[in-house]
2 protein chains.
Amino acid sequence: MGTAADSQGTRKGHKTYQQIIMHIRGAISSGELRPGDRLPPETELARSLGVSRPTVREALKVLEAFNLLESSTGPTGGTFIRTLSGAGVADSLKDSITLLLDVDELTLEELWAAREAIETRAVGIAAARRTEQDLATMWRTIESDEYREFDDYFPDITFHRAIADASGNRLLSLFMLSIHLTLRTLAKRYILPSKSKQVSQDQHRLVYEAILDRDEKLAR
Amino acid sequence: MGTAADSQGTRKGHKTYQQIIMHIRGAISSGELRPGDRLPPETELARSLGVSRPTVREALKVLEAFNLLESSTGPTGGTFIRTLSGAGVADSLKDSITLLLDVDELTLEELWAAREAIETRAVGIAAARRTEQDLATMWRTIESDEYREFDDYFPDITFHRAIADASGNRLLSLFMLSIHLTLRTLAKRYILPSKSKQVSQDQHRLVYEAILDRDEKLAR
DNA sequence: CACGAATATTTGTCAAACAAATGTCTTGGC
DNA sequence: GCCAAGACATTTGTTTGACAAATATTCGTG
């Protein structure tokens, strides 16, 4: 068996609501259910699955919490398959990382070091495979007005995301984004001393130019 | 607002069951509820919160799916706070990554490249700050019989985890573990051509000796 | 003393209903 | 004919009450 209990009861699932979770999850994995698709109403789902509505709902609420479904009321409402995105996963991951920090299963130093480690690699990869479009995006984030107004706490995020995206690796981007979201969450709790925006911006321009020159070492 | 919808309704929570999720989650974050603690029975919880039991259950099932709670029946049973661990988060993350792969929001190449990127950094950090105990653990994984019997598909996992652990960064370890769990899951689906175990083992010994010598470049 | 059955407790599931939200349709007025 | 306001229909959200299943404890009996 796995080192930890399998989340979502993906393995055993002898409980009814877990079987339903597996069922719907599998349908999404196989492409049988695609983003935008609408599930039958809960009562009908319950009937067709041969279970009661509360049991169906327990399953739906779990899948909803994992950003796989979304529900709304009304005639045009219902339960819909969400568009799966790294951003959604990163947001969930942010919650988990925040919790680990809260219970001291992780330190702020480790979080920061991980950010540095991943970003360093991402910059290296980005420098090697950058495209004109990536450069344009990065340049825009440095120049734009929106850049400064984006977030009082971490205006950096947009820029760092651009770097991660330029690496062309969506998993690294996901990890980076989750770390940044966590930092932003922390910043909202304890008002961190805001770094000088101008200094930050200058540093960004240096990194940008290094990537422009494909100079991996300098970029790091 | 956030770039993506906040998972678990952490933000708004105008739906009752989401408020309960927030409530319990907050109690765990603040340390009010600690691992091993037992929640009141569902009926009593419902009464004290002023809601119905199905509503309470929808919240509990979500928290259970996130590996924060576990339930069992019987007099000694009930709902308990789980010990939060990176392993649990990594396991959940594995499910999400697997789903992203299924719907082509991620490629196997990106997964593999991310593993390489993170591990490379982890090895570098590990080489710089390795302890005798870390070395002992790594050596044991190379030598032990258990090492070979651990998993038919990826006996590497134990060794790679030892590397990540030696980096002293639990977040990097978490990321690494989630990637390895994903690979193992994929390996179980499609029986991958098994790499030569002896070759793999020899490579591991080389990495080990490099870390022993604190030679960062060679380790990479 | 040992062992099995009754028992108590807690989660798991079911059933039927009402409340809230939200489009759609109808109807009345102009 | 057109438009707006209210009635209506549909779907999720929530409540109530009950029964089933699992399981540790207790009690009774050999």
Side-chain angles (χ1 to χ4, degrees), chain A residues 5-25 28 33 35-82, chain B residues 5-24 33 35-82:
Chain A
D6 277 81
S7 61
Q8 297 178 242
T10 308
R11 184 97 44 162
K12 292 264 179 176
H14 52 321
K15 303 249 193 353
T16 307
Y17 77 92
Q18 289 175 336
Q19 289 179 345
I20 299 174
I21 292 175
M22 271 175 44
H23 187 257
I24 297 179
R25 229 190 100 103
I28 295 176
L33 287 175
D37 283 357
R38 177 183 173 176
L39 290 180
E42 293 175 355
T43 53
E44 192 178 334
L45 246 183
R47 187 183 53 73
S48 69
L49 292 175
V51 298
S52 67
R53 191 168 157 238
T55 302
V56 168
R57 278 183 63 85
E58 286 178 9
L60 293 182
K61 292 305 116 181
V62 168
L63 293 169
E64 212 171 299
F66 275 92
N67 282 319
L68 265 64
L69 304 178
E70 63 182 346
S71 302
S72 57
T73 61
T76 62
T79 304
F80 296 86
I81 311 292
R82 286 190 57 144
Chain B
D6 277 80
S7 61
Q8 297 177 242
T10 307
R11 183 99 42 160
K12 292 263 180 177
H14 50 324
K15 306 258 196 337
T16 307
Y17 78 92
Q18 289 176 336
Q19 289 178 345
I20 299 174
I21 292 175
M22 271 174 45
H23 187 257
I24 297 179
L33 287 175
D37 284 356
R38 176 183 175 176
L39 291 179
E42 293 175 354
T43 54
E44 193 177 333
L45 245 183
R47 187 183 51 73
S48 69
L49 292 176
V51 297
S52 67
R53 189 157 88 99
T55 302
V56 169
R57 278 182 64 83
E58 286 178 7
L60 294 181
K61 293 304 115 182
V62 168
L63 294 170
E64 212 171 297
F66 275 93
N67 283 318
L68 266 63
L69 303 177
E70 64 183 344
S71 302
S72 56
T73 61
T76 62
T79 305
F80 296 85
I81 312 291
R82 286 190 58 147

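Naming convention: chains lettered A, B, ... in sequence-line order (proteins, then strands); numbering from 1 in each chain.
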Taking only residues two or more places apart in sequence or in another chain, which ones pass side chain to side chain donor-acceptor pair (under 3.5 Å) with B/Ser71? B/Glu64, B/Thr79
With sequence neighbours left out, write down each residue that passes side chain to side chain donor-acceptor pair (under 3.5 Å) with B/Ser52, or none if nothing qualifies. B/Thr55
Identify the 5'-most and 3'-most nucleotides of DNA chain D with at least one atom closer than 4.0 Å to a non-hydrogen atom of chain A. D/dA9 to D/dT14
I need the [X] [atom1] to [Y] [atom2] distance, nearest 0.5 Å.
X       : Y       : atom1 : atom2 : value
B/Ile24 : B/Leu63 : CD1   : CG    : 5.5 Å
B/Leu49 : B/Gln19 : CG    : CD    : 10.0 Å
B/Phe80 : B/Leu33 : CZ    : CG    : 12.5 Å
B/Lys15 : B/Glu58 : NZ    : CD    : 11.0 Å

Nearest-Å distance, NE2 (B/His14) to P (C/dA20)? 15 Å
How many whole angstroms separate atom CG of A/Leu45 from atom P of C/dT13? 16 Å
Side-chain donor-acceptor distances from residues 37-44 of chain B under 3.5 Å, at least two apart:
unit_1, atom_1, unit_2, atom_2, d
B/Asp37, OD2, B/Arg34, N, 2.8
B/Arg38, NE, B/Gly77, O, 3.2
B/Arg38, NH2, B/Gly77, O, 3.1
B/Glu42, OE1, B/Arg53, NH1, 2.3
B/Glu42, OE1, B/Arg57, NH1, 3.2
B/Glu42, OE2, B/Arg57, NH1, 3.0

Walk me through whether B/Leu68 and B/Arg82 qualify under side-chain contact (heavy atoms from CB on, under 4.5 Å). CA-CA 5 Å; B/Leu68 266 63; B/Arg82 286 190 58 147; 5.9 Å; no
Enumerate all atom pairs, one protein N or O and one N or O from nucleotides 7-11 of chain C, separated by less than 3.5 Å.
unit_1, atom_1, unit_2, atom_2, d
C/dT9, O2, B/Pro75, N, 3.4
C/dT10, OP1, B/Arg38, NH2, 3.2
C/dT10, O4', B/Gly74, O, 3.1
C/dT10, O2, B/Gly74, N, 3.4
C/dT11, OP2, B/Glu42, N, 3.1

Ignoring backbone atoms, test whether A/Thr55 places a side-chain nitrogen or oxygen under 4.0 Å from the OP1 or OP2 oxygen of C/dT13. no
